[in-house]
Amino acid sequence: RKEVEQDPGPFNVPEGATVAFNCTYSNSASQSFFWYRQDCRKEPKLLMSVYSSGNEDGRFTAQLNRASQYISLLIRDSKLSDSATYLCVVNYSSYKLIFGSGTRLLVRP
Amino acid sequence: NAGVTQTPKFRILKIGQSMTLQCTQDMNHNYMYWYRQDPGMGLKLIYYSVGAGITDKGEVPNGYNVSRSTTEDFPLRLELAAPSQTSVYFCASSYQGNEQFFGPGTRLTVL
């Protein structure tokens, strides 16, 4: 079983739609969690951290479910500029992150 | 701040050649990392460093070497390049080992 698993997609949604991605992780001792965004042929960039209480940043909401070992990302009112690959990232030690393979999102006009 | 910079941006190598990928960060981060990303795949950790003079292997270290003589620089050395090393290489740094900041990447092709 992969340490971090994501549905590769692509998720093809119209502008204005709400879309959600899930990610599961295998190590219950994981300490912290993140969503990164990666545009085509670019470096990954931090989108948001995921806290136990959940957190929201504008149109983006991240949730953590430790009991079921998954994290989620909800994007409301999708924009064309949201088209990218979203990487689920789990911290397994004090310095090492494990990256999922990513979920690709395509937002169409 | 320039953040994390990498050179070169692109490189084509012949089988058996060697090269060094440069990575520099100006954020005074202790932790630095090298990843490779193959098309359509996730990032795989090659090597990492938790401070100057300290390096350790990641998931896919074979065929690579690193050094960390200063806080700012973390070069990755490829010896005897092979087609399997064709990939995009990302360098990253972090302050306390959590959020990582990435450089723009080096696209390497080995023919």
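Chain naming here is simple, since letters A, B, ... match the order of the sequence lines and numbering starts at 1 in each.
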Side chain, backbone, both or neither: which part of B:E59 has an atom under 4.5 Å from a heavy atom of chain A?
neither

B:V50, part contacting chain A, at a heavy-atom distance under 4.5 Å:
side chain

Between B:K44, B:R107, B:M41, B:Q37, which shows the greatest number of heavy-atom pairs under 4.5 Å with chain A?
B:R107

What pair of heavy atoms forms the shortest contact from B:Y35 to A:L97, and how long is it?
OH-O, 4.2 Å

Below 4.5 Å, heavy atoms only, C-beta onward: do A:E43 and B:Q6 meet side chain to side chain?
no

Quick one, B:Q100 and A:Y36 - any side-chain contact, counting heavy atoms below 4.5 Å?
yes

Donor-acceptor pairs are to be reported for all side-chain atoms of residues 17-26 of chain A against protein atoms at under 3.5 Å, with residues two or more places apart or in another chain.
none

Using non-hydrogen atoms only, which part of A:Q6 is less than 4.5 Å away from chain B: side chain, backbone, both, or neither?
neither

Against chain B, label A:R104 side chain, backbone, both or neither, depending on which of its atoms sit under 4.5 Å from a heavy atom there.
neither

Among residues 61-88 of chain A, residues within the sub-4.5 Å heavy-atom range of chain B, in order of number, are A:L87

Choice from A:K45, A:Q38, A:K42, A:R41 maximising heavy atom contacts with chain B below 4.5 Å
A:R41

If two hydrophobic side chains count as joined below 4.5 Å and joins carry through other members, does [X] share a cluster with [Y]?
{"X": "A:I98", "Y": "A:F33", "result": "yes"}
{"X": "B:L21", "Y": "B:Y64", "result": "yes"}
{"X": "B:V88", "Y": "B:F74", "result": "no"}
{"X": "A:Y51", "Y": "A:W35", "result": "no"}
{"X": "A:V4", "Y": "A:V50", "result": "yes"}

Is it true that, when you exclude A:L106 itself, more than 12 heavy atoms of the residues, nucleotides or ligands shown sit nearer than 6.0 Å to its CG?
yes

More than 12 heavy atoms of other groups within 6.0 Å of B:M27 CE
yes

